[in-house]
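Read the structure below first, then the notes.
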Protein chains: 2
Amino acid sequence: MPETNPGLSIGQVAERTGLSVHALRFYEREGVLVAPVRRGPGGRRVYSDRDVEWLHLCVNLRASGMPLPAIRQYADLVRRGAGNEEHLLTLLRQHQGEVTAQIEQLTESLDIVTHKISSYTEQLAEGATGPIMCTAPQSS
Amino acid sequence: MPETNPGLSIGQVAERTGLSVHALRFYEREGVLVAPVRRGPGGRRVYSDRDVEWLHLCVNLRASGMPLPAIRQYADLVRRGAGNEEHLLTLLRQHQGEVTAQIEQLTESLDIVTHKISSYTEQLAEGATGPIMCTAPQSS
DNA sequence: GCTTGATCTAGAGTCGGCTCTAGCTCGTAG
DNA sequence: CTACGAGCTAGAGCCGACTCTAGATCAAGC
């Protein structure tokens with residue numbers, strides 16, 4: 001493959017990652033990036049494809065609830081290079097577990113909501129007789 | 001069924017809902033409860049079973065990402081009584097959609113993490129030859 | 001030459017959701 | 001009678017993750 005990109009500006013990266021330019025600078029300050037972004041003339045950031053790829057990963061991790069400090073930790077390990085694979089795997093497996101748990105929790109909540117919806121729907125169908133409730137119309 | 005409970009103190013409710021007493025008072029101030037909690041002698045809160053049931057629902061909604069203002073809105077509708085079933089259903093269906101979307105997003109993220117885990121694991125198994133990466137060892 | 005728009009830095013502000021503090025009142029146990 | 005623990009209110013504080021502001025720089029187009 002040829003050189004895919006000569007480097008992207010912060011604005012372009014914002015577009016393709018969905019992060020704001022503010023967030024991009026913020027992430028860099030926070031050490032979420034594996035390395036500080038290369039600078040072009042005038043001190044402007046020039047993102048490599050690799051940076052963008054990493055940012056996409058970060059977006060995914062954030063979307064699945066990984067806090068920034070954990071992502072920074074991950075980045076630290078990658079930055080330090082070989083010899084940390086075990087640790088990296090540990091982090092990833094932990095997150096995997098957390099995401100799985102989240103999905104379970106959400107599935108459970110979804111169930112409850114779905115039940116509530118069908119009981120309301122039934123009530124409406126049966127003609128609007130009887131009080132609305134289903135849960136707690138008023139305290140005592 | 002007989003009167004199951006003569007009313008619970010805030011501490012007891014905290015125990016059974018998993019919310020802190022602070023959070024319970026906070027929720028009440030925020031109008032998340034359908035009605036302000038009954039007060040016993042000395043102005044202390046006395047929670048009915050219904051209150052507790054409602055709080056359990058709130059905990060579930062929060063756990064599935066519903067913001068407090070939305071829960072308050074829901075509570076408002078319940079409080080206002082009959083004639084708002086449609087609106088209530090709209091709220092619930094919307095949340096249902098959001099939770100479903102969340103689950104999809106998480107499932108996707110889980111996939112990515114799982115892939116990353118297997119590729120790291122493979123690398124480790126193949127003997128520690130080659131660089132760690134997988135994504136972005138360093139910028140440019 | 002001048003304006004426009006994107007970028008830069010440092011640092012302040014915002015928002016949601018609690019959490020904690022201070023200072024007071026109860027009810028019960030010793 | 002006093003000490004404790006639980007509760008009360010009003011309001012301040014905190015944390016995470018951004019978001020925004022001010023004031024400066026720079027490249028490109030008119």
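Here the structure is a predicted model, which means the values were calculated and not measured.
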Interatomic distance where [atom1] belongs to [X] and [atom2] belongs to [N] [whole Å]:
{"X": "Leu55(A)", "N": "dC18(D)", "atom1": "CG", "atom2": "P", "result": "12 Å"}
{"X": "His22(B)", "N": "dC15(D)", "atom1": "NE2", "atom2": "C1'", "result": "16 Å"}
{"X": "Ile10(B)", "N": "dC18(C)", "atom1": "CD1", "atom2": "C1'", "result": "14 Å"}
{"X": "Leu19(A)", "N": "dT19(D)", "atom1": "CG", "atom2": "C1'", "result": "13 Å"}
{"X": "Glu30(B)", "N": "dC15(C)", "atom1": "CD", "atom2": "P", "result": "14 Å"}
{"X": "Phe26(B)", "N": "dT21(C)", "atom1": "CZ", "atom2": "C1'", "result": "17 Å"}
{"X": "Tyr47(A)", "N": "dA6(C)", "atom1": "OH", "atom2": "P", "result": "16 Å"}
{"X": "Arg44(B)", "N": "dT9(D)", "atom1": "CZ", "atom2": "C1'", "result": "13 Å"}

Would you say [X] places a side-chain N or O within less than 4.0 Å of OP1 or OP2 belonging to [N]?
{"X": "Arg25(A)", "N": "dT21(D)", "answer": "no"}
{"X": "Ser9(A)", "N": "dT7(C)", "answer": "yes"}
{"X": "Ser20(B)", "N": "dC18(C)", "answer": "no"}
{"X": "Tyr27(A)", "N": "dA17(D)", "answer": "no"}

Next item on the list: By nearest nucleotide on DNA chain D, pick out whichever of Gly42(A) and Ala23(A) is the more 5' one.
Entry: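 Result of the comparison: Ala23(A).
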Using only heavy-atom distances, determine whether the side chains of [X] and [Y] contain a donor-acceptor pair under 3.5 Å.
{"X": "Thr114(B)", "Y": "Asp111(B)", "value": "no"}
{"X": "Ser64(A)", "Y": "Gln102(A)", "value": "no"}
{"X": "Thr100(A)", "Y": "Glu104(A)", "value": "no"}

Next item on the list: Mind checking side chain to side chain donor-acceptor pair (under 3.5 Å) for Gln94(A) and listing every partner two or more places apart, or none if nothing turns up?
Entry: Glu98(A)
Check: With a 4.0 Å cut-off on heavy atoms, is Arg45(B) in touch with a base, just the backbone sugar-phosphate, or nothing at all?
Finding: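 Contact class for Arg45(B): sugar-phosphate only.
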Note to self: Over all strands shown, is Pro69(B) touching base, sugar-phosphate only, or nothing at heavy-atom distances under 4.0 angstrom?
What the structure shows: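 Result for Pro69(B) = sugar-phosphate.
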Item checked: First of Met66(B) and Arg29(A) reached from the 5' end of DNA chain C, by closest nucleotide -> Arg29(A)
Notebook entry, point to check: Which angle, to the nearest 10 degrees, lies between the helix axes at the two ends of the helix from dG1(C)-dC30(D) to dG30(C)-dC1(D), each defined by five pairs?
Noted result: 20°
Checklist line | Leu91(A) and its side chain to side chain contact (heavy atoms under 4.5 Å, CB included) partner, picked from Gln73(A), Gln96(A), Glu86(A) | finding: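 Exactly one pass, corresponding to Gln73(A).
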Item checked: Test: Arg39(B) and Glu28(B) ion pair at under 4.0 Å -> yes
Item checked: Proximal nucleotide (of dC18(D), dG27(C), dC8(D)) relative to the Pro41(B) side chain -> dG27(C)
Checklist line | Donor-acceptor pair present, Arg62(A) side chain and dA17(D) base, under 3.5 Å | finding: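 Under the 3.5 Å cut-off, the side chain and the base do not form any donor-acceptor pair.
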Next item on the list: Please report the closest heavy-atom contact between Val32(A) and Leu68(A), naming both atoms and the distance.
Entry: CG2-CD2, 4.0 Å
Next item on the list: Would you check if the side chain of Arg80(B) reaches a backbone N or O of Asn84(B) as a donor-acceptor pair within less than 3.5 Å?
Entry: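 Flag not set: sc Arg80(B) to bb Asn84(B) has no pair under 3.5 Å.
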